[in-house]
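Structure first, then comments.
This chain uses plain numbering: 1 for the first residue, then up along the sequence.
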Amino acid sequence: MTRRARLGLARFLAAGLLAAAIPATTPDLAWLKGFESASGIEAPAVHSNASADAGRALYQIHCVACHGVRGRGDGPAAAGLHPPPADLLLHAPQHNDGELYYYIARGVPGTAMPAWRGLLSEGERWQLVHYVHELGAGRP
């Protein structure tokens, strides 16, 4: 075998080993099924200070570890997460109530964001939506 052929074979094997060692980066987008209708989801109650206050209490219990006190994605658990938690000051204003509710209820696959629909009631999830909008507006 010539030196050129050995070099080509070595490159081929190295590329194969590298491809096997790196996980596929194509995200599984099956979780988006149904998301197209998320923008049509409407809160059963109008946003109120009482609802946002209740959401603040839930946020302190369930969300602050990752998203941080001000929602910047810098909570104490955030350092070990990849990708990092969303910065809610940037993220929340880009989404309507239905979309935020969908993220909270179903989580976001490929991230550490869990689905809360089994742990929080529908009303509690809406309270979180109202508070997340408060965070996004810079009113923690």
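- Distance alone, capped at 3.5 Å, is enough to place a donor-acceptor pair between the Thr111 side chain and the Val108 backbone.
- Taking OG of Ser121 as the start and CD of Gln127 as the end, the distance is 7.0 Å to the nearest 0.5 Å.
- Here the two rings, on Tyr103 and His95, have centers that are under 6.0 Å apart.
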Self-check item: From CA spacing to verdict: side chain to side chain donor-acceptor pair (under 3.5 Å), Asp97, His130
Solution: CA-CA 8 Å; Asp97 286 355; His130 293 160; 4.6 Å; no
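- Scanning all heavy atoms of the two residues, the minimum distance from Leu81 to Cys66 falls at CD1-SG, 3.7 Å.
- Nearest approach of Leu120 to Glu124, heavy atoms of both residues: CA-OE1, 3.3 Å.
- Within the 4.5 Å cutoff, the side chain of Glu122 has heavy atoms near those of the Tyr101 side chain.
- Taking each heavy atom of Trp126 and Ser51 in turn, the nearest pair found is O-OG, 4.5 Å.
- Contact detail for Pro109 and Gly107: the closest heavy-atom pair is CD-O, 3.8 Å.
- Put simply, CD on Gln94 and CG on Leu88 are 11.0 Å apart, with the number rounded to the nearest 0.5 Å.
- Rounding to the nearest 0.5 angstrom, the gap separating the CG atom in Leu58 from the CD1 atom in Ile104 is 10.0 Å.
- When all heavy atoms of Leu89 and Arg72 are compared, the pair lying nearest together is CD2-NH1, 3.5 Å.
- When hydrophobic clusters are built by joining Ile, Leu, Val, Met, Phe, Trp and Tyr residues whose side-chain heavy atoms come closer than 4.5 Å, directly or via intermediates, Leu128 is grouped together with Leu119.
- In terms of heavy atoms, Gly136 sits closest to Pro93 at O-CG, 3.6 Å.
- Separation of atoms CD (Glu134) and CG (Asp53) is listed at 8.5 Å; rounding is to 0.5 Å.
- In this structure, a donor-acceptor pair under 3.5 Å is absent between the side chains of Asp87 and His67.
- With contacts defined as side-chain heavy-atom distances shorter than 4.5 Å, the pair Tyr59/Leu135 qualifies.
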